[in-house]
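Before any comments, here is the structure.
We use all heavy atoms of the structure for the numbers below, so side chains are in, but hydrogens, waters and symmetry mates are not. Start at 1 with the first residue, then count along the sequence.
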Amino acid sequence: MLRESEYSRRLLLLRAVLDRAGEHGGDTWRGMNRLFGVLTDAWRAAPDVTRRILGHPSVGPRLVTTWRTLDESGPAAVGPLPLASVAAAAAPATGLDVSIALTAVPPGAVLPGLGAVRLPDAAPGTPLLLRGAPTGGVLETGAGLRVHLPPPTALGAERAGWWPLRGATPGPGPSFLVDDVDQVVATDAERLPEDELRVWRSTSAGAMSLLRARHADYAAELDEGLRTLTPLPPAEGSPAGRSGSAAEMFGGVTLSRPLHARDLAETLVHEMQHSKLAAVMHLVDLLAEPGAAAPRARYYAPWRDDPRPLYGLLHGTYAFLSVARFWSREAAFVSDPAERHRAQVRCARWREAASETKEAMLADRSGLTGTGRRFVATMGKALAELRTVPLPESAVREARQQADLHRARWSERNRAGRTES
C-alpha cells in the first residue's frame with residue numbers, strides 16, 4: 001500500500017511541475033509540456049515500463065528539484081531540467097521516436113532506472129541530444145560523438161559506452177538493483193568493477209537468504225519495497241559502514257560496501273523502516289508544525305552524536321525498534337556463543353534506546369499531533385513486549401555501559417546551550 005501511495009505521489013509531483021510551468025508560460029511551458037507528452041506517449045506504448053521508470057528511487061528528487069527550480073525562477077525560460085532525464089529514460093525504454101535535449105553529468109548522461117551513457121570527455125553541462133527510436137536510441141554531443149543505445153528489449157546488456165543497471169541478487173525471484181551510475185544519489189558515479197560487484201551480490205544474496213529464513217516479515221517488506229542499492233565510499237577514518245535513505249527516494253538505500261550478510265540484513269531492515277515511515281508521513285500528519293516564532297526543540301538521540309529534531313527522533317525510534325527486534329530473533333538462532341552475546345547486546349542496547357526516545361517524544365505535549373501520539377504509543381506497546389524478552393545480565397550490563405559512554409561523549413560534544421536551536 002505504501003509503495004502504491006508513493007507512486008501516486010510521483011504522479012502528483014509530475015502534475016504539479018506541469019501546472020507550475022503553465023504559470024510561467026512561454027518557452028518554459030512549451031518545453032515542460034513536451035516532456036510531459038513524451039511520458040504520456042511512453043505510458044501508452046508500454047505502461048509497465050514507464051511505471052517502473054517513474055517509480056525508480058532517484059526520480060523522486062528529480063521531480064522535486066524540477067518543481068523547486070520552476071518555483072524559484074522568473075518567467076524566463078529555463079534550460080534542461082532534471083525531468084528531462086526522466087523523459088529521456090522513458091523514450092528509449094519504450095521505443096519512442098523523439099528527441100530530448102540534455103546536459104552532461106558524470107559519468108555522461110544518466111537515464112534513471114535504466115543506466116548511463118558513458119562520456120568521459122564531456123564536461124558537466126555540455127549540451128547533449130538523445131534521439132529515441134524503436135531500434136535503439138542515439139546520444140549525440142555537439143562535438144560529433146554518437147553513442148548508440150540498445151533497443152528496448154536489450155537495454156539490460158552492456159555495450160561500448162552503455163552502462164546498464166545490474167541486479168544485486170542474481171537468479172530468478174524478486175530482485176533489486178545496484179545503482180552505481182546515478183549522480184543524484186551517488187557522490188561519485190563510478191562503475192563497480194566485476195569483482196566488486198560479485199562481493200555485493202554474494203553478500204546481498206546471503207542477507208536475503210538469512211531474512212527469508214529467520215525474518216519472513218522483513219524479507220516480505222524488502223521484496224515489495226526495496227528497489228536499489230547505491231554504493232558509497234567508506235567514511236574517512238572510520239571502519240564502520242554507513243547507510244542512508246531519503247524521504248523522496250522510496251525503496252532506495254545508499255550504503256558503503258557491506259562486510260557480512262548479517263550486518264547487511266540489519267542495514268536493509270533499518271533503512272526500509274525509514275522508507276516506510278517517510279511514506280506514512282506523506283499520507284498523515286504525525287508532527288505538529290511549530291509556529292513561526294516557536295523554537296525547534298532538539299533532543300538527545302542514543303544513536304547520533306548531534307542533537308536531533310523531533311522528525312529525526314521519530315524516524316530513529318521507529319527504525320531502531322525493528323533493529324532491536326531483528327537482533328532479538330538473531331540471538332535465538334546463532335549457535336556461536338560470542339555471536340549470540342553480540343546479538344543480545346545489540347538487542348538490549350537498541351530496545352532501551354528506542355524506549356528512552358519514545359518517552360521523550362510523548363513528554364513533548366506540543367510536538368506530536370493526536371495521530372502522532374497514537375503512533376508513538378503503539379510503538380511503545382511493541383517496545384514493552386520486546387523488553388519482556390529475557391536477556392543475560394552480562395549483555396544488559398554491556399549495553400548499558402555502551403549507552404552511558406555514548407551519552408557522556410554526546411554531552412561533552414554538545415555542551416550546555418547547544419542542545420536547543
Residue pair T371, R374: steps toward the side-chain hydrogen bond (donor to acceptor under 3.5 Å, both in side chains) verdict: CA-CA 5 Å; T371 302; R374 291 194 297 274; 3.2 Å; yes
Sidechain-backbone polar pair: [X] side chain, [Y] backbone, donor-acceptor under 3.5 Å:
{"X": "S322", "Y": "A319", "answer": "no"}
{"X": "S328", "Y": "C347", "answer": "no"}
{"X": "R3", "Y": "L226", "answer": "no"}
{"X": "R214", "Y": "E330", "answer": "no"}
{"X": "W303", "Y": "A354", "answer": "no"}
{"X": "S202", "Y": "V199", "answer": "no"}
{"X": "H24", "Y": "L70", "answer": "yes"}
{"X": "R62", "Y": "L83", "answer": "no"}
{"X": "T254", "Y": "T230", "answer": "no"}
{"X": "R373", "Y": "L362", "answer": "yes"}

Summary of salt bridge (Lys or Arg N to Asp or Glu O under 4.0 Å) pairs that have at least one residue in residues 302-328, sequence neighbours excluded: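 The answer is R304-D306, D306-R308.
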Any pair counted as salt bridge (Lys or Arg N to Asp or Glu O under 4.0 Å), so long as it reaches residues 346-356, sequence neighbours left out: D263-R346, E266-R346, E352-R387, E356-R407
What residues form a side-chain hydrogen bond (donor to acceptor under 3.5 Å, both in side chains) with [X], not counting sequence neighbours?
{"X": "E221", "value": "Q273, K276"}
{"X": "R198", "value": "none"}
{"X": "T357", "value": "T317"}
{"X": "D364", "value": "Y299, S366"}

Criterion salt bridge (charged side-chain N to carboxylate O under 4.0 Å, His left out) on D223 and R212, from CA distance to verdict: CA-CA 10 Å; D223 284 338; R212 292 190 176 105; 2.7 Å; yes
Should [X] and [Y] count as side-chain neighbours, where that means a heavy-atom distance under 4.5 Å?
{"X": "P92", "Y": "L111", "answer": "yes"}
{"X": "V110", "Y": "S85", "answer": "no"}
{"X": "M249", "Y": "P61", "answer": "yes"}
{"X": "S204", "Y": "F176", "answer": "yes"}
{"X": "L128", "Y": "V117", "answer": "no"}

Salt bridge (charged side-chain N to carboxylate O under 4.0 Å, His left out) involving R118 - partner list, sequence neighbours excluded: none
Set of residues satisfying salt bridge (charged side-chain N to carboxylate O under 4.0 Å, His left out) with respect to E339, sequence neighbours excluded: R262, R342
Carboxylate-amine/guanidinium proximity below 4.0 Å for [X] and [Y]:
{"X": "R191", "Y": "E158", "result": "yes"}
{"X": "R30", "Y": "D27", "result": "yes"}
{"X": "D404", "Y": "R400", "result": "no"}
{"X": "D180", "Y": "R166", "result": "yes"}

H56/D182 under side-chain hydrogen bond (donor to acceptor under 3.5 Å, both in side chains): CA gap, chis, key distance, verdict: CA-CA 11 Å; H56 190 73; D182 198 332; 4.7 Å; no
CA sep, side-chain torsions, deciding dist, call: R15, D19, salt bridge (charged side-chain N to carboxylate O under 4.0 Å, His left out): CA-CA 6 Å; R15 179 68 200 203; D19 289 345; 3.1 Å; yes
Taking only residues two or more places apart in sequence, or in another chain, which ones meet [X] in a ring-ring contact (aromatic ring centres under 6.0 Å, His included)?
{"X": "F333", "result": "none"}
{"X": "Y218", "result": "none"}
{"X": "F250", "result": "none"}

Polar side chain donor-acceptor pair, S394 to R397, under 3.5 angstrom: no
Evaluation steps, side-chain contact (heavy atoms from CB on, under 4.5 Å), between R409 and L405: CA-CA 6 Å; R409 288 176 175 172; L405 179 60; 3.7 Å; yes
Which distance, rounded to the nearest 0.5 Å, do you find between the [atom1] of [X] and the [atom2] of [Y]?
{"X": "S245", "Y": "H270", "atom1": "OG", "atom2": "NE2", "answer": "7.0 Å"}
{"X": "L210", "Y": "L264", "atom1": "CG", "atom2": "CG", "answer": "10.0 Å"}
{"X": "E248", "Y": "L13", "atom1": "CD", "atom2": "CG", "answer": "6.0 Å"}
{"X": "R329", "Y": "L386", "atom1": "CZ", "atom2": "CG", "answer": "9.5 Å"}
{"X": "S8", "Y": "E6", "atom1": "OG", "atom2": "CD", "answer": "9.5 Å"}

Verdict with supporting geometry, R51 and E4, salt bridge (charged side-chain N to carboxylate O under 4.0 Å, His left out): CA-CA 11 Å; R51 179 191 174 102; E4 293 298 310; 2.7 Å; yes
Working for side-chain contact (heavy atoms from CB on, under 4.5 Å), residues L268 and F326: CA-CA 11 Å; L268 296 181; F326 170 86; over 6 Å; no
Restricting to non-hydrogen atoms, name the atom on [X] and the atom on [Y] that form the minimum distance, rounded to 0.1 Å.
{"X": "A116", "Y": "P107", "result": "CB-CG, 4.0 Å"}
{"X": "V376", "Y": "L368", "result": "CG2-CD1, 3.8 Å"}
{"X": "L313", "Y": "A301", "result": "CD1-CB, 4.0 Å"}

Pair Y318 + H274: ring centers closer than 6.0 Å: no
Flag if over 12 foreign heavy atoms under 6.0 Å of CG, D285: no
Atom CD of E393 with >12 non-hydrogen neighbours under 6.0 angstrom: yes
For a quick test of your reading: what N or O donor-acceptor pairs under 3.5 Å do the side chains of residues 35-45 make, sequence neighbours left out?
unit_1	atom_1	unit_2	atom_2	d
T40	OG1	F36	O	2.9

